[in-house]
Student: 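Pasting a structure here, questions to come.
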Protein chains: 2
Amino acid sequence: MERADATRNRVLVLEAARRLFTSQDPRSVTMEDIAREAGVGRATLYRRYPDVPTIAAALLGEHESALQAELIGGPPPLGPGAPPAQRLAAFYTAMIALLEEHLPLVLGAETGEARFRAGAYGFWRAHVKAILTEAGVKDALAATDVLLAPLAPDVYRYQRQVLGYSQARVTRAVIWLAQACLPDD
Amino acid sequence: MERADATRNRVLVLEAARRLFTSQDPRSVTMEDIAREAGVGRATLYRRYPDVPTIAAALLGEHESALQAELIGGPPPLGPGAPPAQRLAAFYTAMIALLEEHLPLVLGAETGEARFRAGAYGFWRAHVKAILTEAGVKDALAATDVLLAPLAPDVYRYQRQVLGYSQARVTRAVIWLAQACLPDD
DNA sequence: TTATAACTGGACGCGCTGTCCACTTATTCC
DNA sequence: GGAATAAGTGGACAGCGCGTCCAGTTATAA
């Protein structure tokens with residue numbers, strides 16, 4: 001069981017990290033920043049978290065879990081029951097919403113290669129693969145990563161902040177993709 | 001005009017960088033590594049190149065230019081003349097081939113956010129956007145970045161080296177995507 | 001040949017990383 | 001209630017890469 005002081009510090013660290021991620025470029029946040037902001041020594045951080053992305057992932061985890069629960073057991077079209085194209089479109093819409101709401105955290109946790117190492121990616125893969133298989137796509141496995149690529153945090157950030165597209169516009173684009181790829185909606 | 005010693009060192013640097021990129025993880029190559037391998041001081045490097053990705057981009061540039069020339073003026077379906085779906089498929093195939101052949105350089109130059117800052121990305125965007133527009137896609141601009149996402153170096157590296165997919169399998173997947181998205185081939 | 005400008009290399013300070021160890025604090029057992 | 005024990009803590013430390021600076025060197029032009 002966790003000691004009282006450890007609990008207190010864990011909360012301090014997570015709150016400090018959340019503040020930093022949202023108040024500056026998430027990719028520039030360092031372990032030292034978080035320790036200083038939390039008023040805690042650096043070794044205390046390293047005891048629990050090996051690096052910054054892991055801290056961001058811990059903050060992001062609960063939101064991802066909520067979506068995952070809906071995908072597994074929620075009402076259609078997010079949950080099971082709807083035709084493949086609609087399920088894929090609903091998944092895309094929900095993922096874009098997640099990216100929009102927690103972009104700083106996602107950029108901190110799943111930028112670049114770290115995205116694939118994150119546990120969540122495996123879940124999204126399994127989900128999309130199941131949809132594609134149900135729709136009768138030939139090589140569902142290879143198609144999965146292709147269809148997940150547009151959801152990369154870097155891509156979404158580029159579309160939103162550099163190109164200036166709205167959340168709705170990006171959402172429409174990925175829904176268009178879903179409808180185009182899966183036949184007989 | 002460029003001084004003789006500067007030319008000599010520029011060649012030394014580029015050759016050293018190419019060796020390093022292909023003999024170790026490209027993302028772990030540092031400016032100091034390149035300077036040491038080239039037998040040159042660090043300031044000499046910084047005079048010409050601000051960072052490692054720029055050096056990788058210089059090495060990659062000629063190969064990208066060759067493909068760009070074919071896209072503009074080469075024979076169809078890579079060049080103009082073929083129907084949109086075939087042109088997109090040909091573009092995908094060529095890009096995957098480029099990734100396969102020069103993956104170390106691409107990973108060094110265009111990983112993560114740097115991909116969008118690279119000049120080449122603008123070219124690929126313009127090219128795909130033209131194809132989509134010709135095919136009558138509604139919001140061709142937003143669709144472009146979505147369709148370019150699967151070509152991100154990180155994604156290809158993951159498919160090839162982590163998942164173990166063959167070049168042909170990934171190529172088939174993106175061609176499937178092209179065919180699905182563009183109507184009446 | 002000399003003057004000028006470009007080029008070069010090593011040294012420097014900075015910030016971040018990850019580890020280590022001595023100290024402190026909470027919990028457990030008597 | 002008071003030790004014994006284990007967990008938690010913070011600051012110090014060495015290492016590494018970055019980006020800059022300056023004094024010395026070398027090529028080109030007058």
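So you know, we letter chains A, B, ... as the sequences are listed, proteins then strands, and number each from 1.
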Student: Compare side-chain N and O positions of A/R3 against OP1 and OP2 of D/dA7 and report whether any pair is under 4.0 Å apart.
Tutor: no
Student: Just how far, in rounded Å, is C1' of C/dC16 from CG of A/D25?
Tutor: 16 Å
Student: OP1 or OP2 of C/dC7 sitting under 4.0 Å from any side-chain N/O of B/N9?
Tutor: no
Student: Once you round it to whole Å, what is the distance between C1' of C/dT8 and CG of B/L12?
Tutor: 13 Å
Student: Taking only the side-chain heavy atoms of A/T44 (C-beta and beyond), determine which of C/dT17, C/dC7, D/dT9 contains the nearest atom.
Tutor: D/dT9
Student: Round to the nearest Å and state the distance from B/L45 atom CG to C/dT8 atom P.
Tutor: 11 Å
Student: Between the base of D/dG10 and the side chain of A/R42, is one N or O donor paired with an acceptor at under 3.5 angstrom?
Tutor: no
Student: Is a donor from one side chain sitting under 3.5 angstrom from an acceptor on the other, for B/Q167 and B/T171?
Tutor: no
Student: Hey, are A/E110 and A/Y121 close enough side-chain-wise for a donor-acceptor pair under 3.5 Å?
Tutor: no
Student: Quick check: on DNA chain C, is the nucleotide nearest A/E32 upstream (toward 5') of the one nearest B/R8, or the reverse? Name the residue that is more 5'.
Tutor: B/R8
Student: Can you tell me the distance, in whole Å, between the CG atom of A/D33 and the C1' atom of C/dC14?
Tutor: 14 Å
Student: Do B/E2 and B/R48 meet the salt-bridge criterion of a basic N to acidic O distance under 4.0 Å?
Tutor: yes
Student: Separation of B/R48 atom CZ from C/dA6 atom P, in whole Å?
Tutor: 13 Å
Student: Between A/Y49 (OH) and C/dC16 (C1'), how many Å, whole number?
Tutor: 20 Å
Student: Flag this pair as yes if the NZ/CZ of A/R169 is under 6.0 angstrom from the six-membered ring centre of A/Y165 and inside a 45 degree cone about the axis; otherwise no.
Tutor: yes
Student: Tell me which of B/R36 and B/D5 sits closer to the 5' end of DNA chain D, going by the nucleotide each one is nearest to.
Tutor: B/R36
Student: Hey, is A/R125 close enough to A/D145 for a salt bridge, meaning N to O under 4.0 Å?
Tutor: yes
Student: Rounded to whole angstroms, how far apart are CG on A/D51 and C1' on C/dT17?
Tutor: 11 Å
Student: Figure out the CE/P separation between B/M31 and D/dC18, and round it to whole Å.
Tutor: 7 Å
Student: For B/V29 and A/T7, take the nucleotide of DNA chain D holding the closest heavy atom to each; which residue's nucleotide lies nearer the 5' end?
Tutor: A/T7
Student: Need one value for A/A43: base, sugar-phosphate or nothing, where a base atom within 4.0 Å counts as base even if backbone is also close, heavy atoms only.
Tutor: base
